[in-house]
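These notes are about the structure you will find just below.
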Amino acid sequence: MWTFIHKLGSPRWFYAISARLQPWFWAAAALLLLVGSVWGLAFAPADYQQGNSFRIIYVHVPAAFLAQSIFVAMAVAGLIFMVWKIKVADMAAAMMAPLGAAMTFIALFSGAVWGMPTWGTWWMWDARLTSMLILLFLYFGVIALRGAFSSRDSASRAASVLAMVGVINIPIIKYSVDWWYTLHQPATFTVTSRPSMPMEMWLPLLIMLLGFYSFFIALTLMRTRSEILRRESTKRWVRDLAAEEA
Amino acid sequence: MPGTETPMTDTEAAMPFHREPRGGLMVALRATLKRDLVLLLRRRSEVLNPLVFFALVITLFPIGISPDPELLATIAPGLLWVAALLAALLSLDSLFRGDYDDGSLEQLLLTPQPLAALGLAKVAVHWLLTGLPLALMAPVLGIMLSLPAGSYGILALSLALGTASLSLIGAIGAALTVGLSRGGVLLSLLVLPLYIPVLIFGAGAVQAAILGDGVAAHLAILGALLAVTLMFAPWAIAASLRISING
């Protein structure tokens, strides 16, 4: 068990193991996303209040889930890097950050597009919108901090500390924004009290959710592999690999 | 006085390793506190600049929005809090900068005492000379924004409590960016999202005081935020300082 983890921690072994895992996740992502989007966009019944505009949910909700999960994953990878000095964890964290920011942006953007037909406005200072916006800024902070250092080791450690500080703060920010929202009591738009979803709407959503997660894992594996090659390009095994390919 | 010091050094010479390692933490803390206080008090402009900035930003709002007292009164709690928060943010960059430039930060890292405690002492001095003056000055600016009566005490109290958390959280960002030559904008990008909970409950306390609601809940949460940051921030500051020095 432990030797397996240690092997996984070494870039070379991770490169080899992820080569075997990667196709499965890509296949799962492609299959799930295809089935989910066709089912969700074409066959799921239209909402009796919102009509067809509710179908944005099949992009919006998975993106929002992933946006939060990626930040947690990034912080966990940062912790692993700081405690056990496993470089692969840091490479994965570095590769996750832009994807997380992109997912947060997709969630915000699809929310705005969805908000127009349902609420009649592109933007509301709703509690969840606000905390997603703050999450986007946290992602920008981590990415910018990593880019600001000239030494890679310092950049990795600084980004790990910031990701961990951020992940402790995310629940605090979330609850305080919720409280702020209930205190202010703006217009009564209720996104939350939508009638609970029937099965034929919910199942494609679940499939899309799983598809998004598979896509995230597959993409992170792929990007981490290329990052391994970039950072270890002076190592012998990478050179041997390149010689084999050539 | 040389006369009183001579017997001390004699006993130390007799037992060279007896006094050194133990009992150092309080001495080191006091020395750090004293040194930072003296340094900051001798550079008066560094203490005064955030206060002037605070007053200036508050002056901009009536000019930019409207001098109507009723409108100003409704937005005053938020304005005062946001302006004080920005002033506190502005002062952060110099928190470790001077020590980093002249190398005394490295000496701080080399001391046998825990870096987290010494960092906490530096943050305490920073709060004492920026957060606390900002809190004391806010009621005066509140008069200028025709802040409703009865909320002045709460404004000062919430700012005093809140800026302590702001200094602690901000010190993490300052420690992370101290090694970078142009860390100023990056620092605000890192720190501002983390300031939002403090802003919500700080401005909320003043708002509640104006509306006559219970203020205690807001102040209690501000205190809780301070307790949590007091527990976690020193370690993050110490880790960040190590990264900045070694990198």
Side-chain angles (χ1 to χ4, degrees), chain A residues 71 75 78-79 81-83 85 90 97 101 104 125 127 130-185, chain B residues 78 162 165 168-173 175-205 207-208 211 213-214 217-218 221-222 224-225 227-229 231-233 235-247:
Chain A
F71 205 97
L79 183 74
F81 173 68
M82 288 295 272
V83 175
K85 309 282 176 223
D90 173 62
T104 317
W125 287 101
T130 313
S131 43
M132 278 308 265
L133 187 64
I134 298 169
L135 184 67
L136 184 64
F137 290 138
L138 286 173
Y139 271 118
F140 285 161
V142 174
I143 295 171
L145 186 68
R146 192 183 279 278
F149 283 88
S150 49
S151 134
R152 181 181 285 146
D153 189 49
S154 311
S156 305
R157 288 192 293 154
S160 303
V161 168
L162 188 67
M164 285 188 274
V165 170
V167 95
I168 293 173
N169 268 280
I170 283 176
I172 298 177
I173 292 173
K174 190 154 176 48
Y175 282 112
S176 47
V177 169
D178 279 347
W179 208 34
W180 160 78
Y181 182 70
T182 48
L183 277 180
H184 275 242
Q185 287 287 354
Chain B
S165 306
L168 278 164
I169 299 169
I172 303 173
L176 279 173
T177 55
V178 72
L180 306 169
S181 52
R182 286 180 196 81
V185 182
L186 181 61
L187 172 62
S188 35
L189 183 59
L190 303 185
V191 162
L192 278 179
L194 306 177
Y195 275 3
I196 287 169
V198 181
L199 174 65
I200 287 173
F201 292 107
Q207 206 91 53
L211 297 174
D213 290 352
H218 289 86
I221 291 185
L222 276 181
L225 286 176
V228 171
T229 44
M231 204 160 67
F232 287 114
W235 307 108
I237 295 168
S240 310
L241 283 177
R242 289 218 166 82
I243 293 168
S244 286
I245 291 292
N246 296 337

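Because the structure is predicted, anything quoted here is derived from the model rather than measured. Sequence lines set the chain letters: A, B, ... in the order given, protein chains first and strands last, and positions in each chain run from 1.
- For chain A, the nearby part of B/Ile221 is the side chain; its heavy atoms alone come within less than 4.5 Å.
- The shortest heavy-atom contact between A/Met82 and B/Ile243 is CE-CD1, 4.3 Å.
- At a threshold of 4.5 Å between non-hydrogen side-chain atoms, the residues B/Leu192 and A/Phe137 do not count as touching.
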Residue pair B/His218, A/Trp179: steps toward the side chain to side chain contact (heavy atoms under 4.5 Å, CB included) verdict: CA-CA 11 Å; B/His218 289 86; A/Trp179 208 34; 4.2 Å; yes
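- Residues A/Leu162 and B/Ile172 form no side-chain contact, since every pair of their non-hydrogen atoms from C-beta on lies 4.5 Å or further apart.
- Between chain A and the residues B/Ile169, B/Leu189, B/Val228, B/Leu180, the most heavy-atom pairs under 4.5 angstrom are made by B/Leu180.
- The shortest non-hydrogen separation linking B/Ala236 to A/Val165 is CB-CG2, 4.1 Å.
- Summarising the geometry, atom CD1 belonging to B/Ile196 is positioned 3.5 Å from atom CD1 belonging to A/Ile134; distances are rounded to the nearest 0.5 Å.
- In summary, of the residues considered (A/Leu138, A/Ile168, A/Ile172), a side-chain contact (heavy atoms from CB on, under 4.5 Å) with B/Leu194 occurs for A/Leu138 alone.
- Taking both residues in full, the closest heavy atoms of A/Ile173 and B/Pro193 are given as CD1-O, 3.6 Å, listed atom of the first, atom of the second, then distance.
- Evaluation of the salt bridge (Lys or Arg N to Asp or Glu O under 4.0 Å) test over residues 136-146 of chain A, restricted to residues two or more places apart or in two chains, returns A/Asp90-A/Arg146.
- Here the closest heavy-atom approach between residue A/Val161 and residue B/Ser240 is recorded as CG1-OG, 3.7 Å.
- The stretch residues 158-176 of chain A participates, sequence neighbours left out, in no side chain to side chain donor-acceptor pair (under 3.5 Å) pair at all.
- The two atoms that bring A/Gly141 and B/Leu190 nearest to each other are O-CD2, 3.3 Å, heavy atoms only.
- Only the side chain of B/Leu225 comes within contact range of chain A, with heavy atoms under 4.5 Å apart.
- Distance check, rounded to the nearest 0.5 Å: CZ of A/Phe149 to CG of B/Leu176 gives 6.0 Å.
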